[in-house]
Protein chains: 2
Amino acid sequence: MIIFHEYMNPIHGFAMAIIDRTHLTMVLAIQEHGSLTAAADALHITQSALSHALKKLEDQLGVTLFRRESRKLFLTQAGEYLLSVANRLEPQLAYAEDRLKQFARGERGNLRIGMECHPCYQWLIKLVGPYLESWPDVDVDVKQKFQFGGMGALFGYEIDMLVTPDPLYKEELHFEPVFDYEQVLVVNNKHRLAKTDYVNPEALSDEVLITYPVAKERLDIFSLFLMPAGIAPKSHKLIETTDVMLQMVASGRGVTALPRWLVEEYAEKLNIVPVRLGKKGVPKQIFVGVRKDDLAIRYIKDFIEFAKARKKG
Amino acid sequence: MIIFHEYMNPIHGFAMAIIDRTHLTMVLAIQEHGSLTAAADALHITQSALSHALKKLEDQLGVTLFRRESRKLFLTQAGEYLLSVANRLEPQLAYAEDRLKQFARGERGNLRIGMECHPCYQWLIKLVGPYLESWPDVDVDVKQKFQFGGMGALFGYEIDMLVTPDPLYKEELHFEPVFDYEQVLVVNNKHRLAKTDYVNPEALSDEVLITYPVAKERLDIFSLFLMPAGIAPKSHKLIETTDVMLQMVASGRGVTALPRWLVEEYAEKLNIVPVRLGKKGVPKQIFVGVRKDDLAIRYIKDFIEFAKARKKG
DNA sequence: GAAATATAATCATTTATATTCATGTTTTGT
DNA sequence: ACAAAACATGAATATAAATGATTATATTTC
């Protein structure tokens, strides 16, 4: 029996779409189990419900999906086609649902990390490898340039995590220190200051100072050391990368300021020496900040744990 | 807000599948129109309904799909993913639905034609070309061997249409004559019977009769001509194909019986001549039969019209 | 060949779900 | 400050779906 049934003008509901996921699972179950009764069992509904659902679908489409022959059902051409569609699409829906639940559990996602502290990059790189291993379904993305600063990027959902030496305590954000270190002066090992215990700001007025190309306020050597003493270096050179910067220092072209742990690492290969800034040194802290809401996401919370566990002093 | 909501043990309904086609269209509409209100309009539901539906989906999945920022919505990572799924799968569902409706209108399908009449094959072939052109979404399949005969194949849904000279009037079947023709004797043009107006059965008792390899009861030359007169040919050769059969006749190896129109076609190339069987000739009819239910299918009904329009006498 | 069994269809009713309506809250624009 | 626009919420209601009981029919079993 073929009924030409026009499904029209539904006042309620998502308009005229007929085929639904339930219809796919329905056809799959009937085919798999060979009868309405068995299929209904598998779907945890009654035979009656399934019979109704099937009939309704057939009526709405205006096509017979199963030929009823005595008490058995056989797929018609249309049914065969719908089955093939179901076989193809239903697993994809199921898979999508699984993945979304992974998102829900915080097991899948894309962690976009912003860096506001040049030398921290070296530290981060060492962290990322093991982290990616323990979160195989999380991708990490590191960004370093922000139109409205790292905070703006965090607020604007441009990044999900900010690595910075300057936390900003705001209601919506959560900052946590991940490691302490000492900011030191770096000089060539034959430099006149190489053997001293510490340097005073005045000692730098004759030096070429090399830094990353960012505002002076964001450079600790200026904000915490030179500017309080009212001193300026002989000249100021800007260099992008840590490697080149240290090559310059090693070949006696100037001095720079970096974390002590980083200098010690490079000291194995280059002729450079760390020297304390001032009698007491310049202590620093690095923080990671996230949006408070995101602390519920496991892979984000776990990244912070990872970071704290790998302190470098 | 992330809610860890376990959706469990539903007593009713199709178990635990969450994502539905409505959810796909929902996400697509929100994305396309940029706001719940506009999307709801497009879906012909109220803003409230859409808000409820979205919230419910998010609760069930336990994941936020849209970040609400002031009065605007932005996709989260999970939402982005669901959108990509929706973009991929929803059109496929819509397409499947379209095709099923084509089935319903009888515009798409597979027409399996069974042949129980050897020479009809030539006639059918000429029909199929134009038919396929006017029904681009219908495939035609021609079968010639049936374990339980043509009728059995029709009943058993092995074929959808039977071309036969012997209709069987049954409740569930519908037969219709598609063309009338005369069954004639075919002889070499130098044959002693070539110039006669007609032949009597006795005239064949000295001839080699060539036929298709089927039961004698199904051969008109036997059932309608020789057997009623109690005559048998000198010998009986079985040949599968019409072409070879007529080559044999043309080279004087025997005679055969075929539709007049078919003989006239071959007579242009081969030295063969049709001769009337008996004073009145042997009139025949070819029928096509289908299951009565299938008459509602347009491409099937139309095939019969095609056939009748291309009569060959 | 009769009884038992299995399957699907149907009907009336209950239950569940989806949608609306009325309203509240927040944000935006003037 | 105020109106308009956008989303959220709760209660009421409309729609859809599932159930339970029953019927019809075909297969299996004895």
Side-chain angles (χ1 to χ4, degrees), chain A residues 1 3 5 7-23 25-27 29-60 64-76 79 172, chain B residues 1 3 5 7-23 25-27 29-60 64-76 79 155:
Chain A
M1 161 216 53
I3 296 172
H5 176 281
Y7 198 64
M8 47 207 268
N9 268 359
I11 297 173
H12 307 283
F14 280 80
M16 50 228 82
I18 296 172
I19 295 180
D20 211 358
R21 182 167 177 195
T22 55
H23 298 132
T25 60
M26 186 171 83
V27 174
I30 297 175
Q31 180 64 9
E32 183 185 351
H33 296 95
S35 79
L36 284 197
T37 311
D41 258 10
L43 296 172
H44 304 296
I45 57 173
T46 59
Q47 172 270 318
S48 173
L50 189 56
S51 176
H52 276 296
L54 179 58
K55 184 172 179 343
K56 183 173 180 188
L57 175 61
E58 291 185 322
D59 285 356
Q60 287 186 347
T64 310
L65 297 171
F66 290 90
R67 202 157 28 82
R68 276 76 163 174
E69 206 165 84
S70 73
R71 70 193 204 193
K72 281 188 184 127
L73 299 177
F74 298 93
L75 284 166
T76 61
E172 298 93 334
Chain B
M1 159 218 55
I3 294 173
H5 177 281
Y7 197 64
M8 48 208 268
N9 267 0
I11 297 173
H12 306 284
F14 279 80
M16 50 227 84
I18 297 173
I19 296 179
D20 213 356
R21 182 168 177 195
T22 54
H23 298 131
T25 59
M26 185 171 83
V27 174
I30 297 175
Q31 181 64 7
E32 184 186 351
H33 296 94
S35 78
L36 283 196
T37 310
D41 259 10
L43 295 171
H44 305 297
I45 56 174
T46 60
Q47 171 270 320
S48 175
L50 189 56
S51 176
H52 277 296
L54 178 57
K55 185 173 175 350
K56 183 174 179 186
L57 175 61
E58 290 185 323
D59 285 356
Q60 287 185 349
T64 310
L65 296 170
F66 290 89
R67 205 159 22 83
R68 277 75 162 175
E69 207 166 84
S70 72
R71 70 193 206 194
K72 280 187 185 124
L73 298 178
F74 298 92
L75 284 165
T76 61
F155 269 112

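Every chain is numbered from 1, with letters handed out A, B, ... down the list of sequences. Excluded from the calculations below are hydrogen atoms, water molecules and symmetry mates; all remaining heavy atoms, backbone and side chain alike, are included. Since we're looking at a predicted model, the values are computed, not measured.
Here the shortest heavy-atom pairing between His33(B) and Ala42(B) reads CE1-CB, 3.3 Å.
Listed nucleotides dA16(D), dT20(C), dC7(D) differ in distance to Ala49(B); the shortest reach to its side chain belongs to dT20(C). Comparing dT10(C), dA9(C), dC7(D) by their nearest atom to the side chain of Arg68(A) picks out dA9(C).
Although no hydrogens or angles enter the test, the distance criterion places a donor-acceptor pair under 3.5 Å between the side chain of Glu58(B) and the main chain of Phe66(B).
In this structure, Asp20(B) CG and Gln60(B) CD are separated by 10.0 Å, a value rounded to the nearest 0.5 Å. Interatomic distance, Leu50(B) CG to Ile30(B) CD1, rounded to the nearest 0.5 Å: 4.5 Å. The distance from atom CZ of Arg21(A) to atom CD1 of Ile18(B), rounded to the nearest 0.5 Å, is 8.5 Å. The line from CG of Leu75(B) to CG of Leu65(B) is 8.0 Å long, rounded to the nearest 0.5 Å. How far NZ of Lys55(B) is from OG1 of Thr64(B): 10.5 Å, rounded to the nearest 0.5 Å. To the nearest 0.5 Å, atoms CE (Met26(A)) and CD1 (Ile19(A)) are separated by 10.0 Å.
Side chains of Arg67(A) and Leu73(A) form no contact here, defined as non-hydrogen atoms less than 4.5 Å apart.
Summarising the geometry, the separation between CG on Leu50(B) and P on dT20(C) is reported as 10 Å, rounded to the nearest angstrom. Summarising the geometry, the separation between CD on Gln47(A) and C1' on dA17(D) is reported as 15 Å, rounded to the nearest angstrom. As a whole-Å value, the separation of Ile45(B) CD1 from dC21(C) C1' is 15 Å. Note: CG (Asp41(B)) to P (dA5(D)) measures 13 Å, nearest angstrom. Whole-Å rounding puts the Leu54(B) CG to dT9(D) C1' distance at 14 Å. As a whole-Å value, the separation of Met26(B) CE from dC7(D) P is 13 Å. Distance, Phe66(B) CZ to dA6(D) P: 16 Å, rounded to whole Å. Between the C1' atom of dT15(C) and the NE2 atom of His52(A) lies a distance of 14 Å, rounded to the nearest Å.
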With B for base contact, S for sugar-phosphate-only contact and - for none (protein heavy atoms under 4.0 Å), nucleotides 25-30 of chain C reads --BS--

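OP1 or OP2 of dT20(C) sits under 4.0 Å from a side-chain N or O of Thr46(B). An OP1 or OP2 oxygen of dA8(D) is reached within less than 4.0 angstrom by a side-chain nitrogen or oxygen of Ser51(B).
Taking five base pairs at each end of the helix from dG1(C)-dC30(D) to dT30(C)-dA1(D) and finding the rotation axis that steps the C1' atoms of four pairs onto the next four gives two axes whose angle is 30°, to the nearest 10°.
Across all strands, Ser48(B) comes closer than 4.0 Å to base atoms (heavy-atom distances).
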